[in-house]
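What follows is one structure encoded as structure tokens, with my remarks underneath.
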Amino acid sequence: MTDIETEAVIVGAGPTGLTLACELALAGVRALVLEKQPQRAQQVKGGAIQPRTAELLESRGLLEPLLRRATPVDPVGGHFAALPVPLDCTPWQTRHPFPIPIPQWEIEEVLEERAATGGVRVLHGTAVSGVASDSDGVLVTADGLQVRARYLVACDGGHSTVRRLLNLPFPGRPGTHQAVLADIRLSAVSPLVPRQLGHISGLMRQGGGYWAMLAPLGGDRYRLTFGRADRTDTDREDPVTHQEITAALRAVYGDETTLGAVDHASRFGDATRQLERYREGRVLFAGDAAHIHPPLGGQGLNLGMQDAFNLGWKLAAAIQERAPSGFLDSYHAERHPVAAQVLHHTSAQRVLADPNPDEDVAALRDIVIDLLRLPDANRHIAGLMSGLSLSYPLPGDHPLTGRRIPDADLVTEGGPVRLSALLGSGHAVLLDLAGGLPAGLRLPPRVDLVRATCAEDLGAAVLLVRPDGYVCWAGDGSAARDGSLPAAVTGSLTTMPRTG
């Protein structure tokens, strides 16, 4: 007997799963989130929102409540392998050129509140123990509860229970060493302890056989990351002790630095793995359940949340039967290469960030630092690390196709409006910037026609913008005059990316 019937079940109430829940709720999809932990751990973890993620959150009205909870800090550019050259995102035409430091649990709290307002139920303390799927849907067993849904999305982390239950391989490379991440309080500090957040390169220190990074969070609170320079590892499952943290603090920051309390502590590794397919019938994977990589450059949390923004509107279209058969496969086709690229460049960063580089790696670091000081090279890496340069290989010849749309200032009949605000409903937007589209134009459901003017040249007279903020069609409006625009809109929103 089924206890709950819903349209989508999400396993995992981290940033990826909760972002997806918000997106599905926005589209009117009934969703249920199952989370095995009985309560949210108030640990910093992935502690920064990258510029592209900030843009997407702003388009849904979620950035402002997050900014109110962010760690106060002077704006500073991101980094590549902790090298001492801030990344400059301003050439990418973004209103959010700097990473936003904020504890992960604060992100989760804001997202869960939004999901709840959309009717999403989140069941904490509910561990999944069984998954069975057929051509019509999935049956999930969790702590004796049975849930029937049309689709299941696994957002349950690098040790995904769903992935294990389906016996799916997770190919890649095992980790080479471990480190500790701890939220701590200091009762006394030496002059070596940083007083404020800054560029990550200024926070890294070594001493006494340890490397460490101590980031101030306000008052006596700090986020400590450390490891052994000799790469001596402790069993991953062993608890992190006060003595272990004290030894690292004294070795790197001196005997005057005194540990007051440990709020949270855990171990992490630098393994690199990725699922071969993000979809197995009625089961899909997102976030760390689909890919893991070394935690360098602040990529993991953002990669997962952007998975969710890509998947949400597509899954809703599939559930509501607004998309052709096979359209949901575009999620894998678009997002698998993105994660593969992140795995690639975090592997390079792992080499460059080695706390004890040999002579060859030290020489390579010097060369890369010099390159990052060149504007074009900095722009390229900044776009890569921030997500602002991401484009999808969508069909079409227009140069804007597949690229993100900047958050331009528009003027409509109702007055000034930011382009990002047009995406707040989760609909696609057909933007007419030249007034050439005829009145009474019939468009598919969940596509909004907006007539506006823009002081800056956006590169086309008419743009079709997907719900996740990427241009999927652009032109001069001639398609409307010959009557083919509705067909072009429908086709552009539901076609697969180019391959090869």
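Side chains included, hydrogens not; waters and symmetry mates left out as well; all remaining heavy atoms used. Everything quoted here is computed from the prediction, not taken from an experiment.
Taken from CG in Leu83 to CD1 in Ile369, the straight-line distance is 5.0 Å, to the nearest 0.5 Å. Note: Arg279 CZ to His332 NE2 = 11.5 Å, rounded to the nearest 0.5 Å. Here the straight-line distance linking atom CZ of Arg250 with atom OH of Tyr210 works out to 11.5 Å at 0.5 Å rounding.
Of all heavy-atom pairs between Ile10 and Cys155, the closest is CG2-SG, 4.0 Å. Considering all non-hydrogen atoms of both residues, Pro97 and Cys89 come closest at O-CB, 3.4 Å. Nearest heavy atom pair, residue Ala182 against residue Ile245, reads CB-CD1, 4.0 Å.
In this model, no donor atom of one side chain and acceptor atom of the other lie less than 3.5 Å apart for Thr258 and Ser187. Counted by atom type alone, Asp74 and Gln196 present zero donor-acceptor pairs between their side chains at under 3.5 Å.
Salt-bridge check for Glu35 with Arg40: failed, with every basic side-chain N at 4.0 Å or more from each acidic carboxylate O. A salt bridge does not link Asp183 with Arg223: none of the charged nitrogens is closer than 4.0 Å to a carboxylate oxygen. Using a cut-off of 4.0 Å between Lys/Arg side-chain N and Asp/Glu carboxylate O, Arg404 and Glu55 are scored as salt-bridged. Glu334 and Arg466 are joined by a salt bridge, as a carboxylate oxygen and a charged side-chain nitrogen come within less than 4.0 angstrom of each other. Salt bridge annotation for Glu23-Lys314: absent, with no cationic side-chain nitrogen under 4.0 angstrom from a carboxylate oxygen. Salt bridge Asp156/Arg164: absent, no basic N to carboxylate O contact under 4.0 Å.
Counting only heavy atoms from C-beta outward, the side chains of Leu422 and Leu410 approach each other to under 4.5 Å.
The number of heavy-atom neighbours closer than 6.0 Å to NE2 of His345, taken from other residues, nucleotides and ligands shown, is above 12. The environment of NE2 in His124 is crowded: more than 12 heavy-atom neighbours from other residues, nucleotides or ligands sit within 6.0 Å. When the shell of 6.0 Å around CG of Asp376 is examined, it contains 12 or fewer heavy atoms from other residues, nucleotides or ligands. In the displayed structure, Gln93 atom CD is contacted under 6.0 Å by at most 12 heavy atoms of other residues, nucleotides or ligands.
Figure legend: Arg163 and Phe170 shown as a cation-pi pair, the cationic atom lying under 6.0 angstrom from the six-membered ring centre and within 45 degrees of its axis. A cation-pi arrangement, defined by a distance under 6.0 Å to the six-membered ring centre and an angle within 45 degrees of its axis, is present between Arg379 and Trp92.
Asp407 contributes a side-chain N or O that, together with a main-chain N or O of Leu419, makes up a donor-acceptor pair within less than 3.5 Å.
With sequence neighbours excluded, the residues forming a side chain to side chain contact (heavy atoms under 4.5 Å, CB included) with Ala54 are Ile49, Leu63, His96, Ile100, listed by chain and number.
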Could you check Asn302 against Thr53 for side chain to side chain donor-acceptor pair (under 3.5 Å), going step by step and ending with a plain yes or no?
CA-CA 6 Å; Asn302 295 272; Thr53 308; 2.8 Å; yes

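The ring of Tyr278 has its center no closer than 6.0 angstrom to the ring center of Phe285.
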